[in-house]
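In what follows, a single structure is set out as C-alpha coordinates and then discussed.
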Amino acid sequence: MAIDYAAAAAKYRDDIIADLSTLVTIDSERDVEHATADAPLGPGPAEALATMFKIAERDGFSTTNVENVAGRIEVGSGEDILGVLAHLDVVPAGEGWTRTPFQATIEGNRIYGRGTADDKGPGIAAYYALKVIRDLQLPLNKRVHLIYGTDEESEWYGMTRYMETQENPTLGFSPDAEFPIINGEKGIADFEIQLAHVAARAATTTLHAFNAGIRANMVPVTATATLTGAIPTDLEAVAGAFDEANGTKTAVTPVNNGVTITLTGRGAHSSIPAGGINAGTYLAALIDQLGLQLDPAGQQYLAVITNFLHAETNGARLNIALTDQKMGPLTASPDIFAFEQDGPQTILVNVRYPQGTDAEAIRDNMESSIGTDHVNVTIHGRVEEPHYVPASDPLVQTLLQVYTDHTGLPGEEGIVGGGTYGRMLQRGVAFGAQMPGAPEVMHMADEYITIDDIMRAVAIYADAIVRLAQ
(Lines give C-alpha, C1' and ligand atoms only; values in the text may rest on other atoms or scores of the structure.)
Protein backbone atom coordinates (compact mmCIF):
# COMPACT_ATOMS: atom_id res chain seq x y z
CA MET A 1 0.00 0.00 0.00
CA ALA A 2 1.34 3.42 -0.94
CA ILE A 3 2.21 5.65 2.00
CA ASP A 4 0.69 9.12 2.05
CA TYR A 5 3.66 11.04 3.45
CA ALA A 6 2.08 14.41 2.71
CA ALA A 7 -1.00 13.58 4.78
CA ALA A 8 1.17 12.36 7.64
CA ALA A 9 3.24 15.56 7.50
CA ALA A 10 0.15 17.79 7.42
CA LYS A 11 -0.73 16.75 10.98
CA TYR A 12 2.34 18.65 12.17
CA ARG A 13 1.85 21.87 10.20
CA ASP A 14 1.26 24.13 13.22
CA ASP A 15 4.06 22.48 15.22
CA ILE A 16 6.50 22.90 12.34
CA ILE A 17 5.74 26.61 12.07
CA ALA A 18 6.05 27.05 15.85
CA ASP A 19 9.38 25.22 16.15
CA LEU A 20 10.88 27.03 13.17
CA SER A 21 9.71 30.34 14.63
CA THR A 22 11.48 29.51 17.89
CA LEU A 23 14.76 28.77 16.09
CA VAL A 24 14.55 31.93 13.98
CA THR A 25 14.48 34.11 17.11
CA ILE A 26 18.03 32.92 17.93
CA ASP A 27 20.80 34.96 16.33
CA SER A 28 23.07 31.97 15.71
CA GLU A 29 25.79 33.77 13.78
CA ARG A 30 29.30 32.55 14.62
CA ASP A 31 30.58 34.83 17.39
CA VAL A 32 33.97 33.63 18.64
CA GLU A 33 34.65 37.01 20.22
CA HIS A 34 32.17 35.96 22.90
CA ALA A 35 33.12 32.30 22.97
CA THR A 36 33.29 30.41 26.24
CA ALA A 37 34.29 26.89 27.23
CA ASP A 38 30.62 25.88 26.92
CA ALA A 39 30.06 27.82 23.71
CA PRO A 40 33.22 27.54 21.54
CA LEU A 41 31.53 29.22 18.57
CA GLY A 42 29.71 31.83 20.61
CA PRO A 43 26.44 31.88 22.54
CA GLY A 44 24.10 31.95 19.53
CA PRO A 45 25.21 28.72 17.82
CA ALA A 46 25.27 26.87 21.16
CA GLU A 47 21.78 28.11 22.01
CA ALA A 48 20.41 27.06 18.62
CA LEU A 49 21.83 23.55 19.04
CA ALA A 50 20.50 23.24 22.59
CA THR A 51 17.08 24.44 21.47
CA MET A 52 16.94 21.91 18.64
CA PHE A 53 17.81 19.13 21.05
CA LYS A 54 15.15 20.29 23.53
CA ILE A 55 12.61 20.00 20.72
CA ALA A 56 13.81 16.46 19.94
CA GLU A 57 13.89 15.38 23.58
CA ARG A 58 10.40 16.83 24.06
CA ASP A 59 9.28 14.41 21.39
CA GLY A 60 11.14 11.42 22.82
CA PHE A 61 14.12 11.22 20.49
CA SER A 62 17.66 10.30 21.54
CA THR A 63 20.25 13.06 21.08
CA THR A 64 24.04 13.32 21.26
CA ASN A 65 25.73 16.70 21.80
CA VAL A 66 29.33 17.04 20.64
CA GLU A 67 31.01 19.86 22.58
CA ASN A 68 28.09 22.24 21.94
CA VAL A 69 29.25 22.72 18.35
CA ALA A 70 27.42 19.83 16.63
CA GLY A 71 25.34 16.80 17.43
CA ARG A 72 22.75 14.33 16.24
CA ILE A 73 19.22 13.02 16.61
CA GLU A 74 18.99 9.30 15.84
CA VAL A 75 16.49 6.63 14.90
CA GLY A 76 16.64 3.16 13.37
CA SER A 77 19.09 0.32 13.73
CA GLY A 78 21.59 -1.50 11.60
CA GLU A 79 25.26 -1.64 10.71
CA ASP A 80 25.35 1.30 8.27
CA ILE A 81 24.56 4.94 9.01
CA LEU A 82 22.50 7.19 6.76
CA GLY A 83 23.40 10.79 7.52
CA VAL A 84 21.18 13.84 7.06
CA LEU A 85 23.43 16.87 7.58
CA ALA A 86 21.89 20.29 8.31
CA HIS A 87 23.10 23.46 10.03
CA LEU A 88 21.67 25.85 12.59
CA ASP A 89 24.03 28.80 12.21
CA VAL A 90 23.24 31.77 9.99
CA VAL A 91 25.00 34.55 8.15
CA PRO A 92 24.69 38.04 9.67
CA ALA A 93 21.39 39.76 9.10
CA GLY A 94 23.04 42.57 7.15
CA GLU A 95 21.18 45.62 5.91
CA GLY A 96 18.13 46.18 3.75
CA TRP A 97 15.52 44.28 5.77
CA THR A 98 11.94 45.49 5.80
CA ARG A 99 11.06 42.94 8.49
CA THR A 100 12.75 41.98 11.76
CA PRO A 101 15.44 39.44 10.80
CA PHE A 102 15.42 37.46 14.06
CA GLN A 103 11.68 37.17 14.36
CA ALA A 104 9.51 34.84 12.32
CA THR A 105 7.10 37.01 10.36
CA ILE A 106 4.30 35.05 8.71
CA GLU A 107 2.67 36.70 5.72
CA GLY A 108 0.37 34.45 3.76
CA ASN A 109 2.35 31.40 2.67
CA ARG A 110 5.73 32.85 3.61
CA ILE A 111 7.75 32.75 6.82
CA TYR A 112 10.32 35.57 6.85
CA GLY A 113 13.45 35.62 9.00
CA ARG A 114 17.18 35.01 8.85
CA GLY A 115 17.78 31.28 8.48
CA THR A 116 14.29 30.33 7.32
CA ALA A 117 15.64 29.11 3.96
CA ASP A 118 19.27 28.58 4.97
CA ASP A 119 19.10 26.28 6.84
CA LYS A 120 16.75 26.23 9.82
CA GLY A 121 13.64 25.69 7.71
CA PRO A 122 15.00 22.68 5.80
CA GLY A 123 16.62 21.44 9.03
CA ILE A 124 13.23 21.46 10.77
CA ALA A 125 11.70 19.72 7.75
CA ALA A 126 14.26 16.92 8.08
CA TYR A 127 13.48 16.61 11.80
CA TYR A 128 9.74 16.28 11.19
CA ALA A 129 10.46 13.68 8.52
CA LEU A 130 11.85 11.54 11.34
CA LYS A 131 8.65 12.12 13.32
CA VAL A 132 6.55 11.01 10.35
CA ILE A 133 8.63 7.84 10.00
CA ARG A 134 8.24 7.05 13.67
CA ASP A 135 4.51 7.77 13.66
CA LEU A 136 3.97 5.44 10.74
CA GLN A 137 6.21 2.81 12.39
CA LEU A 138 8.19 2.35 9.19
CA PRO A 139 11.11 -0.07 9.39
CA LEU A 140 14.64 1.26 8.97
CA ASN A 141 17.49 -1.15 8.32
CA LYS A 142 20.12 1.52 8.81
CA ARG A 143 20.78 3.89 11.65
CA VAL A 144 19.62 7.35 10.64
CA HIS A 145 21.59 10.24 12.12
CA LEU A 146 20.16 13.72 11.66
CA ILE A 147 23.34 15.71 12.31
CA TYR A 148 23.34 19.44 12.99
CA GLY A 149 26.39 21.66 12.67
CA THR A 150 26.67 25.22 13.93
CA ASP A 151 29.45 26.71 11.80
CA GLU A 152 28.57 25.93 8.18
CA GLU A 153 28.60 29.58 7.14
CA SER A 154 32.19 30.06 8.31
CA GLU A 155 34.88 27.50 9.08
CA TRP A 156 32.86 24.26 9.41
CA TYR A 157 34.48 23.69 12.79
CA GLY A 158 31.41 22.07 14.33
CA MET A 159 30.81 19.43 11.67
CA THR A 160 34.53 18.82 11.28
CA ARG A 161 34.77 18.19 15.01
CA TYR A 162 31.79 15.86 14.80
CA MET A 163 33.37 13.80 12.02
CA GLU A 164 36.64 13.59 13.97
CA THR A 165 35.01 12.24 17.12
CA GLN A 166 31.92 10.27 16.00
CA GLU A 167 31.18 7.32 13.75
CA ASN A 168 30.68 8.72 10.25
CA PRO A 169 27.74 8.03 7.93
CA THR A 170 28.43 5.84 4.91
CA LEU A 171 26.11 7.89 2.72
CA GLY A 172 23.72 10.77 3.08
CA PHE A 173 22.36 14.11 2.01
CA SER A 174 22.21 17.70 3.18
CA PRO A 175 18.88 19.56 3.10
CA ASP A 176 20.64 22.82 2.29
CA ALA A 177 20.27 23.55 -1.41
CA GLU A 178 17.63 22.93 -4.02
CA PHE A 179 15.68 20.15 -5.68
CA PRO A 180 15.90 17.96 -7.63
CA ILE A 181 19.47 17.31 -6.41
CA ILE A 182 22.95 18.77 -6.14
CA ASN A 183 25.42 15.93 -6.68
CA GLY A 184 28.36 18.13 -7.63
CA GLU A 185 29.84 21.16 -5.89
CA LYS A 186 32.66 23.38 -7.06
CA GLY A 187 35.75 23.91 -4.98
CA ILE A 188 35.68 26.88 -2.63
CA ALA A 189 38.55 29.04 -1.43
CA ASP A 190 39.04 32.58 -0.15
CA PHE A 191 42.01 34.66 -1.25
CA GLU A 192 43.22 37.75 0.57
CA ILE A 193 44.81 40.41 -1.59
CA GLN A 194 47.10 42.52 0.56
CA LEU A 195 48.32 45.75 -1.00
CA ALA A 196 52.01 46.61 -0.75
CA HIS A 197 53.04 49.74 1.12
CA VAL A 198 53.64 52.73 -1.15
CA ALA A 199 55.49 55.92 -0.26
CA ALA A 200 53.36 58.97 0.46
CA ARG A 201 53.44 62.02 -1.78
CA ALA A 202 51.49 65.25 -2.05
CA ALA A 203 47.94 64.76 -3.31
CA THR A 204 44.91 67.00 -3.55
CA THR A 205 42.56 64.27 -2.24
CA THR A 206 43.17 61.50 0.28
CA LEU A 207 41.28 58.24 0.66
CA HIS A 208 41.17 57.79 4.42
CA ALA A 209 38.97 54.71 4.62
CA PHE A 210 37.16 52.26 2.37
CA ASN A 211 35.06 49.42 3.78
CA ALA A 212 32.51 46.91 2.52
CA GLY A 213 31.33 43.39 3.29
CA ILE A 214 30.64 41.32 6.39
CA ARG A 215 31.16 37.71 5.26
CA ALA A 216 33.22 35.98 2.59
CA ASN A 217 30.15 34.21 1.22
CA MET A 218 27.97 37.32 0.83
CA VAL A 219 28.19 39.91 -1.95
CA PRO A 220 28.38 43.22 -0.03
CA VAL A 221 25.22 45.29 -0.01
CA THR A 222 26.77 48.56 1.20
CA ALA A 223 30.18 50.20 0.97
CA THR A 224 31.57 53.41 2.46
CA ALA A 225 34.55 55.60 1.63
CA THR A 226 35.85 58.72 3.35
CA LEU A 227 37.67 61.28 1.21
CA THR A 228 39.32 64.49 2.40
CA GLY A 229 40.83 67.41 0.59
CA ALA A 230 39.58 68.60 -2.78
CA ILE A 231 36.07 67.27 -3.41
CA PRO A 232 34.37 67.92 -6.77
CA THR A 233 31.44 70.32 -6.52
CA ASP A 234 29.40 68.11 -8.87
CA LEU A 235 29.92 64.95 -6.76
CA GLU A 236 26.23 64.46 -6.01
CA ALA A 237 25.27 65.01 -9.63
CA VAL A 238 27.88 62.47 -10.80
CA ALA A 239 26.67 60.02 -8.16
CA GLY A 240 23.06 60.48 -9.24
CA ALA A 241 23.88 59.72 -12.86
CA PHE A 242 25.98 56.73 -11.76
CA ASP A 243 23.08 55.38 -9.68
CA GLU A 244 20.64 55.74 -12.55
CA ALA A 245 22.97 53.87 -14.89
CA ASN A 246 23.89 51.06 -12.49
CA GLY A 247 20.92 50.45 -10.21
CA THR A 248 22.79 51.65 -7.11
CA LYS A 249 21.90 54.23 -4.46
CA THR A 250 24.48 56.68 -3.18
CA ALA A 251 24.46 59.06 -0.23
CA VAL A 252 27.05 61.79 0.39
CA THR A 253 27.62 63.03 3.94
CA PRO A 254 29.92 65.98 4.75
CA VAL A 255 32.71 65.32 7.28
CA ASN A 256 35.59 67.43 8.52
CA ASN A 257 37.48 68.61 5.42
CA GLY A 258 35.76 66.06 3.18
CA VAL A 259 32.90 63.64 2.63
CA THR A 260 31.81 60.10 3.37
CA ILE A 261 30.22 58.33 0.42
CA THR A 262 27.92 55.39 1.09
CA LEU A 263 26.80 53.26 -1.83
CA THR A 264 24.11 50.59 -1.65
CA GLY A 265 23.99 47.80 -4.20
CA ARG A 266 22.23 44.45 -4.06
CA GLY A 267 23.27 41.41 -2.03
CA ALA A 268 23.63 37.88 -3.30
CA HIS A 269 25.11 34.57 -2.29
CA SER A 270 28.76 34.45 -3.34
CA SER A 271 28.15 31.28 -5.33
CA ILE A 272 26.02 33.37 -7.75
CA PRO A 273 27.69 36.80 -7.61
CA ALA A 274 26.25 37.90 -10.94
CA GLY A 275 22.88 38.10 -9.20
CA GLY A 276 24.09 40.95 -7.01
CA ILE A 277 25.40 44.47 -7.42
CA ASN A 278 28.70 44.48 -5.53
CA ALA A 279 28.70 47.67 -3.49
CA GLY A 280 32.47 47.51 -2.97
CA THR A 281 33.46 47.45 -6.63
CA TYR A 282 30.75 49.89 -7.69
CA LEU A 283 31.84 52.44 -5.09
CA ALA A 284 35.41 52.16 -6.37
CA ALA A 285 34.14 52.68 -9.91
CA LEU A 286 32.17 55.74 -8.84
CA ILE A 287 35.20 57.31 -7.17
CA ASP A 288 37.27 56.50 -10.24
CA GLN A 289 34.82 58.49 -12.37
CA LEU A 290 35.50 61.62 -10.31
CA GLY A 291 38.99 61.97 -11.79
CA LEU A 292 40.62 62.78 -8.45
CA GLN A 293 44.33 63.24 -7.84
CA LEU A 294 44.44 60.66 -5.07
CA ASP A 295 47.13 59.77 -2.58
CA PRO A 296 49.33 56.83 -3.73
CA ALA A 297 47.88 54.22 -1.36
CA GLY A 298 44.29 55.14 -2.16
CA GLN A 299 44.99 55.28 -5.88
CA GLN A 300 46.64 51.84 -5.81
CA TYR A 301 43.82 50.27 -3.80
CA LEU A 302 41.05 51.57 -6.02
CA ALA A 303 42.99 50.68 -9.17
CA VAL A 304 43.21 47.03 -8.15
CA ILE A 305 39.44 46.98 -7.65
CA THR A 306 38.50 48.75 -10.87
CA ASN A 307 41.12 47.10 -13.07
CA PHE A 308 40.75 43.49 -11.87
CA LEU A 309 37.53 43.00 -9.91
CA HIS A 310 34.75 45.33 -11.01
CA ALA A 311 31.80 44.20 -13.17
CA GLU A 312 33.21 40.74 -13.77
CA THR A 313 32.50 37.46 -12.00
CA ASN A 314 34.52 34.89 -13.97
CA GLY A 315 37.99 36.06 -12.91
CA ALA A 316 39.15 36.68 -16.49
CA ARG A 317 41.25 39.75 -15.66
CA LEU A 318 42.84 37.82 -12.80
CA ASN A 319 43.78 35.09 -15.30
CA ILE A 320 41.82 32.45 -13.34
CA ALA A 321 38.81 32.01 -15.65
CA LEU A 322 38.01 28.36 -16.30
CA THR A 323 34.96 26.45 -17.49
CA ASP A 324 34.52 22.71 -17.04
CA GLN A 325 32.05 20.84 -19.23
CA LYS A 326 30.34 19.27 -16.23
CA MET A 327 30.88 21.78 -13.41
CA GLY A 328 30.58 24.96 -15.41
CA PRO A 329 32.51 28.23 -14.95
CA LEU A 330 34.64 29.51 -12.12
CA THR A 331 33.20 32.47 -10.23
CA ALA A 332 35.11 35.12 -8.30
CA SER A 333 33.40 37.47 -5.85
CA PRO A 334 35.29 40.20 -3.92
CA ASP A 335 33.33 40.25 -0.68
CA ILE A 336 35.28 42.03 2.06
CA PHE A 337 37.09 45.34 1.54
CA ALA A 338 39.21 47.02 4.22
CA PHE A 339 41.37 50.11 3.69
CA GLU A 340 42.92 52.55 6.12
CA GLN A 341 45.82 54.85 5.47
CA ASP A 342 47.76 53.50 8.44
CA GLY A 343 46.02 50.13 8.71
CA PRO A 344 44.97 47.12 6.64
CA GLN A 345 44.63 47.49 2.90
CA THR A 346 43.07 44.20 1.84
CA ILE A 347 40.42 42.64 -0.38
CA LEU A 348 39.04 39.17 0.28
CA VAL A 349 37.90 37.33 -2.85
CA ASN A 350 35.69 34.25 -2.66
CA VAL A 351 36.34 31.85 -5.57
CA ARG A 352 34.19 28.87 -6.55
CA TYR A 353 36.17 26.73 -8.98
CA PRO A 354 35.47 23.61 -11.07
CA GLN A 355 37.68 20.58 -11.43
CA GLY A 356 40.78 21.28 -13.52
CA THR A 357 42.53 23.73 -11.20
CA ASP A 358 43.34 24.15 -7.53
CA ALA A 359 43.71 26.86 -4.92
CA GLU A 360 47.47 27.19 -5.28
CA ALA A 361 47.26 27.74 -9.03
CA ILE A 362 44.51 30.32 -8.54
CA ARG A 363 46.59 32.14 -5.94
CA ASP A 364 49.63 32.22 -8.21
CA ASN A 365 47.68 33.55 -11.17
CA MET A 366 45.93 36.23 -9.13
CA GLU A 367 49.18 37.54 -7.69
CA SER A 368 51.08 37.54 -10.98
CA SER A 369 48.19 39.16 -12.86
CA ILE A 370 47.90 42.10 -10.48
CA GLY A 371 51.66 42.28 -10.04
CA THR A 372 53.93 41.01 -7.28
CA ASP A 373 55.26 44.53 -6.79
CA HIS A 374 51.78 45.67 -5.79
CA VAL A 375 50.15 42.79 -3.91
CA ASN A 376 50.70 39.68 -1.89
CA VAL A 377 47.94 37.08 -2.28
CA THR A 378 47.37 34.39 0.34
CA ILE A 379 44.86 31.57 0.73
CA HIS A 380 42.63 32.55 3.63
CA GLY A 381 41.09 29.80 5.78
CA ARG A 382 40.02 26.34 4.70
CA VAL A 383 39.90 25.10 1.12
CA GLU A 384 37.12 22.84 -0.14
CA GLU A 385 38.06 20.75 -3.18
CA PRO A 386 35.50 20.06 -5.93
CA HIS A 387 33.09 17.25 -5.02
CA TYR A 388 31.08 14.98 -7.32
CA VAL A 389 28.92 11.87 -6.85
CA PRO A 390 28.18 10.25 -10.23
CA ALA A 391 24.61 10.45 -11.49
CA SER A 392 24.67 6.68 -11.80
CA ASP A 393 25.18 6.20 -8.05
CA PRO A 394 22.15 4.50 -6.41
CA LEU A 395 22.04 7.35 -3.88
CA VAL A 396 21.48 9.90 -6.64
CA GLN A 397 19.07 7.69 -8.54
CA THR A 398 16.95 7.01 -5.46
CA LEU A 399 16.69 10.67 -4.49
CA LEU A 400 15.80 11.73 -8.02
CA GLN A 401 13.04 9.11 -8.11
CA VAL A 402 11.65 10.30 -4.77
CA TYR A 403 11.59 13.85 -6.06
CA THR A 404 9.77 12.84 -9.24
CA ASP A 405 7.27 10.70 -7.37
CA HIS A 406 6.30 13.62 -5.11
CA THR A 407 6.32 16.44 -7.64
CA GLY A 408 5.62 14.84 -10.98
CA LEU A 409 8.63 16.71 -12.33
CA PRO A 410 11.64 15.13 -14.04
CA GLY A 411 14.82 14.89 -12.00
CA GLU A 412 18.35 15.37 -13.25
CA GLU A 413 21.75 15.90 -11.73
CA GLY A 414 22.85 19.37 -10.68
CA ILE A 415 26.18 21.04 -9.99
CA VAL A 416 26.53 24.37 -8.20
CA GLY A 417 29.06 26.75 -6.76
CA GLY A 418 27.54 26.59 -3.29
CA GLY A 419 29.10 24.41 -0.64
CA THR A 420 27.06 22.12 1.62
CA TYR A 421 27.80 19.51 4.25
CA GLY A 422 27.03 16.92 1.57
CA ARG A 423 30.63 17.18 0.42
CA MET A 424 31.85 15.90 3.79
CA LEU A 425 30.73 12.40 2.82
CA GLN A 426 32.24 10.52 -0.11
CA ARG A 427 28.71 9.51 -1.05
CA GLY A 428 27.04 12.73 0.00
CA VAL A 429 24.82 15.13 -1.94
CA ALA A 430 22.55 18.11 -1.30
CA PHE A 431 18.80 17.55 -1.66
CA GLY A 432 16.31 20.45 -1.44
CA ALA A 433 14.50 22.16 0.05
CA GLN A 434 14.27 25.01 -2.48
CA MET A 435 12.13 24.19 -5.51
CA PRO A 436 13.41 24.79 -9.06
CA GLY A 437 12.81 28.29 -10.31
CA ALA A 438 12.17 29.73 -6.86
CA PRO A 439 13.65 33.18 -6.16
CA GLU A 440 17.14 33.11 -4.66
CA VAL A 441 16.72 34.40 -1.10
CA MET A 442 19.54 32.76 0.84
CA HIS A 443 21.91 35.32 2.42
CA MET A 444 19.65 38.16 1.31
CA ALA A 445 17.54 40.67 3.19
CA ASP A 446 13.98 39.50 3.83
CA GLU A 447 14.98 35.85 3.52
CA TYR A 448 11.93 33.56 3.60
CA ILE A 449 10.67 30.05 3.03
CA THR A 450 7.14 29.15 1.99
CA ILE A 451 5.05 26.93 4.24
CA ASP A 452 4.16 24.84 1.19
CA ASP A 453 7.84 24.18 0.52
CA ILE A 454 8.48 23.12 4.12
CA MET A 455 5.54 20.73 4.10
CA ARG A 456 6.53 19.27 0.74
CA ALA A 457 10.08 18.83 2.02
CA VAL A 458 8.91 16.93 5.11
CA ALA A 459 7.12 14.39 2.91
CA ILE A 460 10.00 14.10 0.43
CA TYR A 461 12.61 13.70 3.17
CA ALA A 462 10.59 11.06 5.01
CA ASP A 463 10.16 9.01 1.84
CA ALA A 464 13.84 9.46 0.90
CA ILE A 465 15.08 8.36 4.32
CA VAL A 466 12.90 5.25 4.27
CA ARG A 467 14.02 4.23 0.79
CA LEU A 468 17.69 4.88 1.51
CA ALA A 469 17.54 3.05 4.84
CA GLN A 470 16.21 -0.21 3.39
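For the numbers below, each heavy atom of this structure counts, side chains included, while hydrogens, waters and symmetry mates do not. Count residues from 1 along the sequence.
- The main-chain N or O of I73 is never found under 3.5 Å from a side-chain atom of Y127 such that the two would form a donor-acceptor pair.
- Annotation: H406, atom NE2; neighbour count of heavy atoms from other residues, nucleotides and ligands within 6.0 Å is above 12.
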Taking it one step at a time, do D452 and R456 satisfy salt bridge (charged side-chain N to carboxylate O under 4.0 Å, His left out)? CA-CA 6 Å; D452 287 348; R456 182 188 297 110; 5.9 Å; no
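- Side-chain N or O atoms of D446 include none that pairs as donor or acceptor with a backbone N or O of W97 at under 3.5 Å.
- In this structure, R110 is positioned above the aromatic face of Y448, its NZ or CZ under 6.0 Å from the six-membered ring centre and within 45° of the axis.
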Please walk me through it: do E57 and K54 pass salt bridge (charged side-chain N to carboxylate O under 4.0 Å, His left out)? CA-CA 5 Å; E57 291 160 4; K54 286 178 183 177; over 6 Å; no
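- Once rounded to the nearest 0.5 Å, the distance linking OG1 of T357 with CG of N365 reads 7.0 Å.
- A pairwise comparison of heavy atoms in I16 and A9 identifies CD1-O, 4.4 Å as the closest pair.
- I188 places a side-chain heavy atom less than 4.5 Å from the side chain of N350.
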Could you check E153 against R215 for salt bridge (charged side-chain N to carboxylate O under 4.0 Å, His left out), going step by step and ending with a plain yes or no? CA-CA 9 Å; E153 300 291 3; R215 277 289 180 90; 5.6 Å; no
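- Taking the charged nitrogens against the carboxylate oxygens, R58 and D19 do have a contact shorter than 4.0 Å, which makes a salt bridge.
- One N or O on the side chain of E367 and one on the backbone of V377 form a donor-acceptor pair closer than 3.5 Å.
- With a 4.5 Å cut-off on side-chain heavy atoms, T64 and E74 count as touching.
- Evaluated for a side-chain hydrogen bond (donor to acceptor under 3.5 Å, both in side chains) with S270, the options T313, D335, N217 yield exactly one hit, D335.
- Looking at heavy atoms from C-beta onward, P40 lies in side-chain contact with V69 at the 4.5 angstrom threshold.
- Remark: side-chain polar atoms of N168 are paired, donor with acceptor, to backbone N or O of Q166 under 3.5 angstrom.
- Note on ring orientation: taking the six-membered ring where Trp is involved, the planes of F173 and F431 are perpendicular (angle over 60°, cut-offs 30° and 60°).
- With 3.5 Å as the limit, one finds no donor-acceptor pair spanning the side chains of D15 and Y128.
- When every heavy atom of T331 is checked against every heavy atom of S271, the shortest pair comes out as OG1-O, 4.1 Å.
- Under a 3.5 Å cut-off, the side chain of T372 and the backbone N or O of S368 do not form any donor-acceptor pair.
- Relative ring orientation between Y421 and H87 is described as perpendicular, the plane-to-plane angle rising above 60° on a 0-90° scale split at 30° and 60°.
- Counted by atom type alone, D405 and Q401 present one or more donor-acceptor pairs between their side chains at under 3.5 Å.
- Within 6.0 Å of the CD atom in Q470, the count of heavy atoms belonging to other residues, nucleotides or ligands exceeds 12.
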Tell me, with the steps shown, if E167 and R143 meet salt bridge (charged side-chain N to carboxylate O under 4.0 Å, His left out). CA-CA 11 Å; E167 188 177 2; R143 288 172 284 164; 3.0 Å; yes
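- Ring pair F53/Y148 is perpendicular by interplanar angle, where above 60° counts as perpendicular and below 30° as parallel.
- Across I181, N183, V429, L425, a single residue satisfies side-chain contact (heavy atoms from CB on, under 4.5 Å) together with L395, and that is V429.
- Counting heavy atoms from C-beta on, the side chains of V416 and K186 never come closer than 4.5 Å.
- Looking at Y403 and E412, their side chains never come closer than 4.5 Å, going by heavy atoms from C-beta outward.
- Between the side chains of K142 and S77, no donor N or O sits under 3.5 Å from an acceptor N or O.
- Closest heavy-atom contact between I26 and T51: CD1-OG1, 3.4 Å.
- Going from atom CG of L41 over to atom OG1 of T150 covers 4.5 Å, rounded to the nearest 0.5 Å.
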Using the rule given for side-chain hydrogen bond (donor to acceptor under 3.5 Å, both in side chains), can you reason through Y162 versus R72, listing the C-alpha separation, both sets of side-chain angles and the distance that settles it, and then say yes or no? CA-CA 9 Å; Y162 181 94; R72 68 176 178 269; 3.1 Å; yes
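- For the pair R99 and Y112, the cation sits on the ring face: its NZ or CZ lies under 6.0 Å from the ring centre, inside 45° of the axis.
- Atom CD1 of I449 sits about 4.5 Å away from atom CD1 of I454, to the nearest 0.5 Å.
- Summarising the geometry, atom CD1 belonging to I106 is positioned 11.0 Å from atom OG1 belonging to T116; distances are rounded to the nearest 0.5 Å.
- The neighbour count for E79 CD, taken as heavy atoms of other residues, nucleotides or ligands under 6.0 Å away, does not exceed 12.
- The 12-atom threshold is not exceeded at CD of Q325, counting heavy atoms of other residues, nucleotides or ligands nearer than 6.0 Å.
- For the atom pair CD (E384) and CG (D190), the distance works out to 10.5 Å, reported to the nearest 0.5 Å.
- The CG atom of D463 lies 4.5 Å from the OH atom of Y5; values are rounded to the nearest 0.5 Å.
- Checking Y353 against E385 by side-chain atom types alone, a donor-acceptor pair falls below 3.5 Å.
- For Y282 and H310, the distance between ring centers is under 6.0 angstrom.
- Not a single donor-acceptor pair under 3.5 Å links the side chain of T100 to the backbone N or O of Q103.
- In this structure a side-chain-to-backbone donor-acceptor pair under 3.5 Å is missing from R266 to I277.
- Heavy-atom contacts from other residues, nucleotides or ligands closer than 6.0 Å to CZ of R467 number more than 12.
- With salt bridges taken as basic N to acidic carboxylate O contacts below 4.0 Å, one links D151 and R30.
- When all heavy atoms are compared, the tightest approach of R317 to E312 is N-OE1, 2.9 Å.
- Using a 4.5 Å heavy-atom threshold, the side chains of E47 and L88 count as separate.
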Pair E152, Y157 - check side-chain hydrogen bond (donor to acceptor under 3.5 Å, both in side chains), show working. CA-CA 8 Å; E152 193 270 351; Y157 174 81; over 6 Å; no
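- Using a 4.5 Å cut-off on side-chain heavy atoms (C-beta onward), I124 and L23 make contact.
- For the 3.5 Å distance criterion, the side chains of T420 and D176 fail to qualify, holding no donor opposite an acceptor.
- Side-chain contact check for F337 versus T346: every heavy-atom pair is 4.5 Å or farther apart.
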